[in-house]
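First up is the structure itself, then whatever we jot down about it.
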Number of protein chains: 2
Amino acid sequence: MSKAKPIDILIASLEWLEPLDQRDRDLLAGLDLRLKQFGANDDIVRSGTHPGESCFIVGGFAARAQYLADGGRQLDQLHVTGDFVDLHSLHLRQMDHSVIAIGPCGVAFVRHDELVSTMAHSPRLTWLLWQLTVLDGALARTWMTCLGRRRADAAMAHLVCELLTRLRRLGAAPNNCFQFPATQADMADMLGISTVHINRILAELRSRRLLTWSRHEVHVLDFERLAHIADFDETYLAPGNPMPSRFQQFVAT
Amino acid sequence: MSKAKPIDILIASLEWLEPLDQRDRDLLAGLDLRLKQFGANDDIVRSGTHPGESCFIVGGFAARAQYLADGGRQLDQLHVTGDFVDLHSLHLRQMDHSVIAIGPCGVAFVRHDELVSTMAHSPRLTWLLWQLTVLDGALARTWMTCLGRRRADAAMAHLVCELLTRLRRLGAAPNNCFQFPATQADMADMLGISTVHINRILAELRSRRLLTWSRHEVHVLDFERLAHIADFDETYLAPGNPMPSRFQQFVAT
DNA sequence: CGATAAGTTGAGAATTATCAAGGGGAGTGG
DNA sequence: CCACTCCCCTTGATAATTCTCAACTTATCG
């Protein structure tokens, strides 16, 4: 996808929250990354395991998946290039969900011990990685509201608005147009409805000239109207608080 | 509710994750708490604001709420005594959700600057507070799977199983019986369905002799069968990883 | 005891699911 | 290059789930 070095993708993602100093960038640049490419529906991190690494996305899309006894699954978050998808495994004894690839997806893994050492040398990075997990939660809550209290068309519109907003930020959605390799079955598992219904919702949005979606290419024709249908408010996608200077103190203790 | 001092409730909650040393306990005991009592449906933290304090629950129940333009709301997480509900405001520039009281609820507020200073003196507390926000996310994901991929009866059964499990841990559910002041309208907003349907689901669970629920008192009659209907697996409620010793290093840097 | 909020029930409508069959595109092997 | 195949998308018909509206009953609290 991108020509940038993997670590630069992460650095850019963190700098979007708050500027880093050169020392922080150097610490990150010194991380030993294991790169791996995944294909559609591959498990990047498997539910029930206890990984020794965390990972971030270098290109493409990934999602978190929870599986049910009856074979069904719920996709409860969507991740794009630059997202540190699996910081969670740093804290979880056992993965409560899988991370799977939505289409081709490049991933960089960092060993937990290295990550921890890095944070031990930088309060700012500790703060920012924590913040990433908190911002993640804000996206999850909004997604939940879609699942619980929006009808399928509004939920779909909301998901598209969110995705477009996040991709624009990366410069990956020129003309409100972007590549998105999710199948309709994937979308069904995201929105908690059936594949057939996804198809009908999309047909409707298409006929209302709000968007087109074919061959893995989404084109948002009328963002305003889509956002209105979705009751979309993008403030939950904003960065969080910068590190308070007091948090710095601990280095001196 | 409890006779314990407010800060001891928080300490117990953190010690459930990992033992604290005396210094950590002293740091926490030195926090200046503002106590406040709330009634049903009161806002504890209001959406859209930028609070200067975080809060934890000292007694009773609270929930996170997101509101829609049409007046509807989604309750997307439920919190019990000891939960540090609003660590999120430490990182969020603007609250993306409200925290509201479900029935009478005692809350302790801590100023952000004090909280940050405390963490600056204790890597362990930093680690644990971060972990709380991560574990929170695991609950949110599971809730999401209920909203998206379980039918209303299974979702209700799941919520009851989760709640019982969490309250048992606090010793607050003797004989699988506990006080729970949520109204059926509250439950509807949690599960993303209508009040009328909640009523019917409860009637059904009652007639199947799985539980009773009246006068704000829930009695789980057959946890096994309820857990089976819900496809309930409690591993997501487990504590996370203890702090790695390397994380400690930063004090010496 | 009256007022207000919460729970219950019925009937009909909207939304979404399921089943089933057909169509199109992309890759593969002949 | 064509035939074949597989996967995904599309569409129709019918069924299940859940919603809305409305009336009524029961609790709760001053």
Side-chain angles (χ1 to χ4, degrees), chain A residues 39-42 61 68 70-75 101-104 146-159 179-207 211-219 229-230, chain B residues 39-42 61 68 70-75 100-104 146-159 179-207 211-219 229:
Chain A
N41 268 307
D42 288 350
F61 298 88
L68 292 141
D70 69 2
R73 67 174 186 182
Q74 172 68 37
L75 300 183
I102 299 291
C146 282
L147 289 172
R149 282 290 182 230
R150 275 185 244 260
R151 260 177 296 106
D153 55 345
M156 171 67 87
H158 199 282
L159 194 151
Q179 295 295 119
F180 187 52
T183 66
Q184 292 189 357
D186 292 333
M187 296 305 297
D189 289 334
M190 289 185 209
L191 301 182
I193 61 184
S194 70
T195 313
V196 173
H197 200 51
I198 286 285
N199 188 284
R200 297 197 162 121
I201 297 292
L202 281 178
E204 190 211 321
L205 294 178
R206 207 155 21 207
S207 80
L211 54 78
T212 64
W213 185 327
S214 71
R215 323 273 176 99
H216 297 162
E217 185 168 281
V218 180
H219 198 149
I229 289 168
Chain B
N41 267 308
D42 288 350
F61 299 88
L68 291 141
D70 70 3
R73 67 173 186 182
Q74 173 67 37
L75 300 183
I100 64 165
I102 300 291
C146 283
L147 289 172
R149 281 292 182 227
R150 275 183 244 262
R151 258 176 297 107
D153 55 346
M156 171 68 87
H158 199 283
L159 194 151
Q179 295 295 120
F180 186 53
T183 65
Q184 292 189 354
D186 292 333
M187 296 305 297
D189 289 334
M190 290 184 208
L191 301 182
I193 62 184
S194 70
T195 314
V196 173
H197 201 50
I198 286 284
N199 187 287
R200 297 194 162 121
I201 296 291
L202 281 178
E204 189 210 321
L205 294 178
R206 208 156 21 207
S207 80
L211 54 77
T212 64
W213 184 327
S214 71
R215 321 275 175 96
H216 298 163
E217 183 169 281
V218 181
H219 197 149
I229 289 168

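Everything numeric here is computed off the predicted structure, so don't read it as measured data.
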Inset, instruction - Scan A:Thr183 against the nucleic acid and name what it touches under 4.0 Å (heavy atoms): base, sugar-phosphate only, or nothing. - result: sugar-phosphate
Legend entry - C:dA11 OP1/OP2 closer than 4.0 Å to side-chain N/O of B:Arg200: no
Inset, instruction - Mind calculating the distance between CD1 (A:Ile201) and P (C:dT15) to the nearest angstrom? - result: 10 Å
Legend entry - Nearest-nucleotide comparison on DNA chain D, the residue closer to the 5′ end among A:Thr195 and A:Arg149: A:Thr195
Legend entry - Spacing of B:Arg151 atom CZ relative to C:dA17 atom P, expressed in whole Å: 12 Å
Inset, instruction - To the nearest Å, give me how far apart CD (A:Glu217) and P (C:dA26) are. - result: 13 Å
Legend entry - Salt-bridge contact B:Arg73-B:Asp186 (side-chain N to carboxylate O under 4.0 Å): yes
Legend entry - Euclidean distance, atom CG of residue A:Leu191 to atom C1' of C:dT15 [Å, nearest integer]: 15 Å
Inset, instruction - Answer yes or no: does a side-chain N or O of A:Arg150 lie under 4.0 Å from OP1 or OP2 of C:dT15? - result: no
Legend entry - Nearest-angstrom distance from the residue atom CZ of A:Arg206 to P of D:dC9: 10 Å
Legend entry - Whole angstrom value for the distance that separates P of D:dT10 from CD1 of A:Ile198: 12 Å
Inset, instruction - Answer yes or no: does a side-chain N or O of A:Gln184 lie under 4.0 Å from OP1 or OP2 of D:dC7? - result: no
Legend entry - Residue pair A:Val218 / A:Thr212, side-chain heavy-atom distance below 4.5 Å: no
Legend entry - Whole-Å gap separating P (D:dC19) and CG (B:Asp189): 11 Å
Legend entry - Any A:Asn199 side-chain N or O less than 4.0 Å from OP1/OP2 of D:dC9: no
Inset, instruction - Assign B:Ala152 to base, sugar-phosphate, or nothing according to its heavy-atom contacts below 4.0 angstrom with the strands shown. - result: sugar-phosphate
Inset, instruction - Would you mind reading off the distance between B:Trp213 atom CH2 and D:dA27 atom C1', rounded to a whole angstrom? - result: 17 Å
Legend entry - Residue whose closest nucleotide on DNA chain C lies nearer the 5' end, A:Arg215 versus A:Ile193: A:Ile193
Legend entry - Within 6.0 angstrom of A:Arg206 CZ, more than 12 heavy atoms from elsewhere: yes
Inset, instruction - Give, for atom CD1 of B:Ile100 and atom CG of B:Asn41, the distance between the pair rounded to the nearest 0.5 Å. - result: 5.0 Å
Inset, instruction - For the side chain of A:His197, starting at C-beta, report the closest nucleotide among D:dC9, D:dA22, C:dA17. - result: C:dA17
Inset, instruction - State whether B:Asp70 and A:Arg149 are salt-bridged, where the test is any N-O pair (Lys NZ or Arg NE/NH1/NH2 against Asp/Glu carboxylate O) under 4.0 Å. - result: no
